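Here's the structure we're looking at; comments come further down.
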Amino acid sequence: MSAHHALLQSGLPQRVLGRTGLSVSEVGLGASALGNLYRPMSDADAQETLAAAFAEGMNYVDCAPYYGFGLCEQRVGEGLKGRTGMVLSSKVGRLLEPAPEVTDDSERCGFRSAMPFTPVFDYSYDGVMKSWEASLQRLGVARIDMLYVHDIGRATHGYRHPERLQQLIHGGGLRALAHLRAEGQIDAVGIGVNEIQVCLELLEETDLDVILLAGRYTLLEQKALDALFPECARRGTSIVIGGPYNSGILATGTRSDVVPRFNYEVAATDVVFRVRRLERVCREFNVPLPAAALQFPLAHPQVASVIPGLGGREQVEQTMTFYRTHIPAEFWQELRSQNLIHEAAPLPVAKP
């Protein structure tokens, strides 16, 4: 059984983000690569990436102080100059402190950036306000639409998680974000994380407009359907999906020369086995695995946008090809019949 994957005409629909009134393109630009994630990128290539994304109709860009220690925000700000109708998010939770010992772009925290700063966690009221103000300066903008609390949770902080969470809740970090939203300085407050449990914890503590969930609602895993997505639906909290390829394995597959990576590490045997089962169905229906991975999360009504990390014009063009690929309904039904998709997961509607 096979199907041709035809392409749609250009154009990118937008979805309203919760109660904010913001409208974001179904595919947005995750800008970590513009901070020289894993490999150096020239300023010219960074601007070409942004221009290509905007030309395709992407109106949503997500960046963070952490990405390249300020480099990503500088580049994104340059690319946004003179543009209207854009939605911009950045993050709080890390302050950049001077690091005079940095003299080249040797890898630090995965980034090949020569920016002479080092990230320090700070989820307090003052830390959030300082982070927001510094981001405005680096971006060269008067306003950021959305602020996410970056990497709160056990996956990042381990045994220090309770301490960091208390700093955010009782140390005033959440209060600072609520203040910025109430004053109209930002439109949306959210968290940007790679784990589910801390999302549920914080939904009990504050009114989140949006959750940027990286890698936890993908073609490979859908545990977010059990508790998180129903709670978000009840509260009117939108979801933005980061890491739709689970750090690479759903983009490269298991049979390329590239070592398959999952959750930022070499993929474990059980993960590789599951992806190989997905690949078999993809071959049967002549569907590219990355196309299925990109389209799958968008079928859920709680999801406002999917933001793969894009580092180059070619990646932008390839992403749009995957987005427009026709995938027959029978493909998704076959995945479900093989228990490769959660029974509660909404299935995409085939693009014409």
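Positions are given from 1 along the sequence. Nothing here was measured: the structure is a model prediction, and the numbers come from that model.
- Asn339 and Arg277 share no side-chain donor-acceptor pair at under 3.5 Å.
- With 3.5 Å as the limit, one finds a donor-acceptor pair spanning the side chains of Gln338 and Glu334.
- For the pair Arg181 and Asp187, the salt-bridge criterion is not met [side-chain N within less than 4.0 Å of a carboxylate O].
- The line from CG of Asn246 to CD1 of Ile249 is 8.0 Å long, rounded to the nearest 0.5 Å.
- Within the 4.5 Å cutoff, the side chain of Pro65 has heavy atoms near those of the Ser135 side chain.
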Please lay out, stage by stage, how Val275 and Val272 fare under the test side-chain contact (heavy atoms from CB on, under 4.5 Å).
-> CA-CA 5 Å; Val275 173; Val272 171; 5.8 Å; no
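- By the 6.0 Å contact criterion, CD on Glu343 is open, its count of non-hydrogen atoms from other residues, nucleotides or ligands being 12 or less.
- Here the closest heavy-atom approach between residue Val287 and residue Pro328 is recorded as CG2-CD, 4.2 Å.
- For the residue pair His179 and Tyr125, the shortest heavy atom distance occurs at CD2-OH, 4.0 Å.
- Checked by atom type and distance alone, the side chain of Glu195 pairs as donor or acceptor with a backbone atom of Ala155 at under 3.5 Å.
- Side-chain contact check for Leu250 versus Leu278: some heavy-atom pair is nearer than 4.5 Å.
- The hydrophobic cluster containing Leu37 does not contain Val76, counting ILVMFWY residues as joined when their side-chain heavy atoms lie under 4.5 angstrom apart, directly or transitively.
- Side-chain contact check for Leu340 versus Leu219: every heavy-atom pair is 4.5 Å or farther apart.
- For the residue pair Tyr217/His342, the side-chain donor-acceptor check at 3.5 Å is not satisfied.
- Linking ILVMFWY residues whenever their side-chain heavy atoms come closer than 4.5 Å, directly or via other members, places Val303 and Phe322 in the same cluster.
- Using a 4.5 Å heavy-atom threshold, the side chains of Gln318 and Gln315 count as separate.
- Gln295 and Thr325 are not linked by any side-chain donor-acceptor pair at a separation below 3.5 angstrom, with hydrogens and angles left out of the test.
- Between Asp122 and Arg94 there is no salt bridge, since no side-chain nitrogen of the basic residue lies less than 4.0 Å from a carboxylate oxygen of the acidic one.
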Apply salt bridge (charged side-chain N to carboxylate O under 4.0 Å, His left out) to Asp62 and Lys91, showing your working.
-> CA-CA 9 Å; Asp62 174 67; Lys91 303 185 180 76; 2.6 Å; yes
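- Side chain of Ser131 to backbone of Val92: no donor-acceptor contact under 3.5 angstrom is found.
- Under the 4.5 Å side-chain criterion, counting only non-hydrogen atoms from C-beta, Leu22 is not in contact with Val16.
- Connection of Ile341 to Tyr245 is established within a shared hydrophobic cluster, with ILVMFWY side chains joined at heavy-atom distances below 4.5 Å, either directly or through further cluster members.
- Atoms SG and CG, on Cys232 and Leu203 in that order, are 5.0 Å from each other to the nearest 0.5 Å.
- In Gln137, the CD atom is not crowded: 12 or fewer heavy atoms of neighbouring residues, nucleotides or ligands sit closer than 6.0 Å.
- Leu29 and Leu310 get closest at one heavy-atom pair: CD1-CB, 3.3 Å.
- Using a 4.0 Å cut-off between charged nitrogen and carboxylate oxygen, Glu279 and Arg274 do not count as a salt-bridge pair.
- The closest donor-acceptor contact from the side chain of Gln47 to the backbone of Gly79 lies under 3.5 Å.
- For the 3.5 Å distance criterion, the side chains of Arg261 and Ser247 fail to qualify, holding no donor opposite an acceptor.
- Asp226 CG to Ile196 CD1: the interatomic distance, rounded to the nearest 0.5 Å, is 7.5 Å.
- With hydrogens and angles disregarded, no donor-acceptor distance shorter than 3.5 Å links the side chain of Arg108 to the backbone of Phe111.
- Ion pairing of Arg235 with Glu231 is present here, as a side-chain N (NZ or NE/NH1/NH2) and a carboxylate O approach within less than 4.0 Å.
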Steps toward side-chain contact (heavy atoms from CB on, under 4.5 Å) verdict (Ile186, Asp145) | CA-CA 5 Å; Ile186 59 176; Asp145 301 293; over 6 Å; no
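- The backbone N or O of Val316 lies less than 3.5 Å from no partner atom in the side chain of Glu56, so there is not a single donor-acceptor pair.
- We find the CD1-OG distance between Ile144 and Ser89 to be 9.0 Å, quoted to the nearest 0.5 Å.
- His300 contributes no side-chain N or O that, together with a main-chain N or O of Leu347, makes up a donor-acceptor pair within less than 3.5 Å.
- The CG atom of Leu17 sits 7.5 Å away from the OH atom of Tyr60 when rounded to the nearest 0.5 Å.
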Trace of the side-chain hydrogen bond (donor to acceptor under 3.5 Å, both in side chains) decision for Tyr323 with Glu26 | CA-CA 9 Å; Tyr323 171 78; Glu26 289 189 346; 2.6 Å; yes
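- Remark: side-chain polar atoms of Gln302 are paired, donor with acceptor, to backbone N or O of Thr237 under 3.5 angstrom.
- In the hydrophobic cluster analysis, where Ile, Leu, Val, Met, Phe, Trp and Tyr join through side-chain heavy atoms closer than 4.5 angstrom, Leu228 is grouped apart from Val240.
- Taking the side chain as every heavy atom from C-beta outward, Met320 and Leu12 approach each other to under 4.5 Å.
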Under the ring-ring contact (aromatic ring centres under 6.0 Å, His included) criterion, do His157 and Tyr123 qualify, and how do the steps go?
-> CA-CA 12 Å; His157 300 294; Tyr123 295 99; 5.6 Å; yes
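- Here the CG atom belonging to Leu220 is positioned 9.0 Å from the CG atom belonging to Leu289, to the nearest 0.5 angstrom.
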Going through the checks in order, is the side-chain contact (heavy atoms from CB on, under 4.5 Å) test met by Asn194 and Tyr264?
-> CA-CA 11 Å; Asn194 297 278; Tyr264 312 107; 3.0 Å; yes
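- A donor-acceptor pair under 3.5 Å is formed between the side chain of Ser25 and the backbone N or O of Asn59.
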Taking it one step at a time, do Val210 and Ile239 satisfy side-chain contact (heavy atoms from CB on, under 4.5 Å)?
-> CA-CA 6 Å; Val210 58; Ile239 303 289; over 6 Å; no
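- Proximity of Phe331 to Leu335: side-chain heavy atoms (C-beta onward) are separated by under 4.5 Å at one or more points.
- Residues Val87 and Leu147 are members of separate hydrophobic clusters, defined by side-chain heavy-atom contacts under 4.5 angstrom among Ile, Leu, Val, Met, Phe, Trp and Tyr.
- Aromatic ring orientation, Tyr66 versus Phe69: perpendicular (interplanar angle above 60°, classes split at 30° and 60°).
- Across all their heavy atoms, Thr218 and Gly243 have their closest contact at CG2-O, 3.7 Å.
- Under a 4.0 Å N-O distance rule, the pair Arg138/Glu133 does not qualify as a salt bridge.
- Taking the charged nitrogens against the carboxylate oxygens, Glu48 and Arg313 do have a contact shorter than 4.0 Å, which makes a salt bridge.
- When all heavy atoms are compared, the tightest approach of Gly311 to Ala33 is CA-CB, 3.7 Å.
- Between Ser124 and Gln167, the side chains place no donor N or O within less than 3.5 Å of an acceptor N or O (distance only, hydrogens not considered).
- Cys63 and Leu88 make their closest contact through SG-CD1, 4.0 Å (heavy atoms, listed as atom of the first residue, atom of the second, distance).
- The backbone N or O of Pro301 sits nowhere less than 3.5 Å from a side-chain atom of Arg15 that would complete a donor-acceptor pair.
- Ser113 places a side-chain N or O within 3.5 Å of a backbone atom of Gly68 that can act as its donor or acceptor partner.
- Between Arg216 and Glu221 a salt bridge is recorded (basic side-chain N to carboxylate O distance below 4.0 Å).
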